[in-house]
Amino acid sequence: MDSITLRRPDDWHVHLRDGDMLRHTCADMARYMGRAIVMPNLTPPVTTVAAAEAYRARIVDAMAGLPRQFEPLMTLYLTDNTSADEIRRAAESDCVHAVKLYPAGATTNSAAGVNALESLYPILEVMQEVDLPLLVHGEVTDPEIDIFDREAIFIERHLAPIVARFDALRVVLEHITTGDAVHFVAGARAGVAATITAHHLLLNRNDLLVGGVKPHYYCLPVLKRQRHQEALIAAATSADPRFFLGTDSAPHTRGSKESSCGCAGVYTAHASLELYAEVFEAQNALPALELFASLHGPAFYGLPANDDTVTLERGDMPVPEERALGEETLVPLRGGESLRWRVVTS
Ligand SMILES: NC(=O)N[C@@H](CC(=O)O)C(=O)O
Ligand SMILES: [Zn+2]
Ligand SMILES: [Zn+2]
């Protein structure tokens, strides 16, 4: 197969940031993504419908003059103080499509996240009632728990009880990284799904740590061992509708990555579909790429699939070593290398 045409994909988990960065992230996304679930972990976080609407307007502004645009689907950032009224306002708005749970301290800009999950149960009750999906960064923050075990323990301690207690709440376990997560989601009740990033399919912790630490591969949840990577690949390529594309593309400047305390996040928005295509091709599963990238996500969110298509062609797609970002630069995944597929944009 030297070319493959699929329904236009959507990205169900992306960090566009704000300010100067927004122009760059939006330009990459607008190349071919149809819609994007936009993460709310700005400083300050997007905790109200009014803030989500203002952020959406900044995203639309940042796309002015681009040859095509994607549709930003906004999310709210849950805090200990999120009110039931705000959730109801979100459900009524056309702008907000989901609510994001960050355990406080789990990841980039999560300091304002949730400290005691159980005290949020009344809010989850309202989300269930108004059918607003809960998106979860699924890691415990207990300092006693080893970083490589934080996802599996979150599932056992927090996610399984939530999924059982709120049996009609739609839940997405975001950017899964373990066989434990695959197993949980594949066996869960209806209304539970997971996003999988390109980098967790392409890399494991050896890539991060063997032969020198690779700060540009550092993200959260951290890359796991090969057996987990294999479980993710099997899930993504399996045609199981519970698994769909969410890049978790998360830009940080080169300086903040190549640091004695480097930031977590991998940038893939420049070539996300091309990167996923490599994984699917290696499994002889290219025909299943459309399910994962373009069909399972909209079905979960209750939205129509995009009605136009994109075409991937085999051939060298060079990735620049770094990208300008105002005064700073950004290192994209595979910067300085070539990719085997390229989306031919119309
Ligand atoms: N994934 C990451 O490593 N980083 C994300 C936050 C997140 O999605 O957890 C970021 O915003 O930089
Ligand atoms: Zn996260
Ligand atoms: Zn993320």
Side-chain angles (χ1 to χ4, degrees), residues 10-19 21-22 24-25 28-29 33 36-46 55 72-78 97-114 133-141 147-148 150-151 154-155 158-159 171-178 181 193-203 205 207-208 213-224 232 244-259 261-269 272 297 325 328 330-333:
D10 306 294
D11 186 345
W12 301 98
H13 179 137
V14 70
H15 301 269
L16 299 177
R17 310 299 193 212
D18 212 345
M21 265 199 202
L22 202 48
H24 300 271
T25 53
D28 281 343
M29 293 291 292
M33 284 297 174
I37 284 278
V38 179
M39 289 296 131
N41 62 333
L42 305 181
T43 30
V46 179
Y55 185 27
L73 309 176
M74 308 310 289
T75 60
L76 285 195
Y77 183 115
L78 266 184
H97 289 257
V99 176
K100 181 68 191 276
L101 165 66
Y102 292 100
T107 187
T108 306
N109 290 344
S110 62
V114 171
L134 174 71
L135 316 184
V136 182
H137 180 107
E139 288 191 288
V140 291
T141 54
I147 188 168
F148 291 102
R150 288 179 173 203
E151 182 175 278
F154 182 90
I155 292 169
H158 301 294
L159 189 60
V171 179
V172 184
L173 184 53
E174 297 291 335
H175 49 43
I176 58 170
T177 63
T178 58
T195 53
I196 307 182
T197 77
H199 47 284
H200 286 98
L201 295 170
L202 289 163
L203 304 167
R205 69 195 200 181
D207 298 298
L208 174 68
V213 65
K214 312 298 188 311
H216 297 289
Y217 293 167
Y218 175 61
C219 62
L220 289 168
V222 72
L223 296 169
K224 306 298 192 299
L232 299 174
F244 47 83
L245 185 157
T247 62
D248 193 22
S249 179
H252 292 274
T253 60
R254 184 193 269 270
S256 65
K257 296 286 292 172
E258 297 175 4
S259 154
C261 184
C263 292
V266 174
Y267 191 73
T268 53
S272 47
L325 213 62
E328 312 241 36
L330 164 80
V331 178
L333 189 68

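Whatever order the structure lists ligands and atoms in, that order sets their numbers, starting from 1.
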Considering only protein heavy atoms, which is closest to [atom], and at what distance to one decimal place?
atom                   : result
atom 6 (C) of ligand 1 : T107 OG1, 3.2 Å
atom 4 (N) of ligand 1 : A264 O, 3.1 Å
atom 3 (O) of ligand 1 : L220 N, 2.8 Å
atom 5 (C) of ligand 1 : H15 NE2, 3.7 Å

Donor-acceptor contact present, side-chain [X] to main-chain [Y], <3.5 Å:
X    : Y    : value
R17  : L42  : no
S259 : G255 : no
T195 : L245 : no
E151 : T177 : yes
K257 : G265 : yes

Given that the side chain starts at C-beta and the backbone is N, CA, C, O, which of these parts of V266 lies under 4.0 Å from ligand 1, counting heavy atoms, or is it both or neither?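 Contact part for V266 vs ligand 1: neither.
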Strictly by modelled atom types, are S256 and T253 linked by a side-chain donor-acceptor pair under 3.5 Å?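 Note: S256 and T253 side chains meet the donor-acceptor criterion.
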Residue among V172, V99, L76, L101 satisfying side chain to side chain contact (heavy atoms under 4.5 Å, CB included) with L135: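 Single pass found, and it is V172.
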As an exercise, identify every atom of ligand 1 less than 4.0 angstrom from a heavy atom of [X].
X    : result
H252 : 12 (O)
H13  : 8 (O)
H137 : 9 (O)
D248 : 1 (N), 2 (C), 8 (O)
H175 : 8 (O), 9 (O)

Which protein N, O or S atoms lie under 2.8 Å from the Zn ion (ligand 3)?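 Listed by chain and number, the atoms are H13 NE2, H15 NE2, D248 OD1.
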Hey, what's the ring geometry for Y102 with Y77, parallel, tilted or perpendicular (30° and 60° as the breaks)?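 Ring orientation, 0 to 90° scale: tilted.
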Any idea how W12 and F244 line up, ring-wise: parallel (<30°), tilted (30 to 60°), or perpendicular (>60°)?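 Judged by the thresholds at 30° and 60°, the geometry between W12 and F244 is perpendicular.
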Distance flag, aromatic centroids of H13 and H175, threshold under 6.0 Å: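 Close enough - the centres of the two rings lie under 6.0 Å apart.
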Between ligand 1 and C219, is the shortest N or O to N or O distance under 3.5 Å?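 Min N/O separation from ligand 1 is not below 3.5 Å for C219.
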Return yes or no for this condition: an N or O of Y102 is under 3.5 Å from an N or O of ligand 1.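 No, there is no polar N/O contact under 3.5 Å.
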With a 4.0 Å cut-off on heavy atoms, is M39 touching ligand 1?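 Per 4.0 Å heavy-atom rule, M39 does not contact ligand 1.
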So for K100, does at least one of its heavy atoms come nearer than 4.0 angstrom to any atom of ligand 1?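 No heavy atom of K100 comes that close to ligand 1.
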Side-chain heavy-atom pair [X], [Y] within 4.5 angstrom cut-off:
X    : Y    : answer
E258 : H216 : yes
V136 : E174 : no
M39  : D248 : no

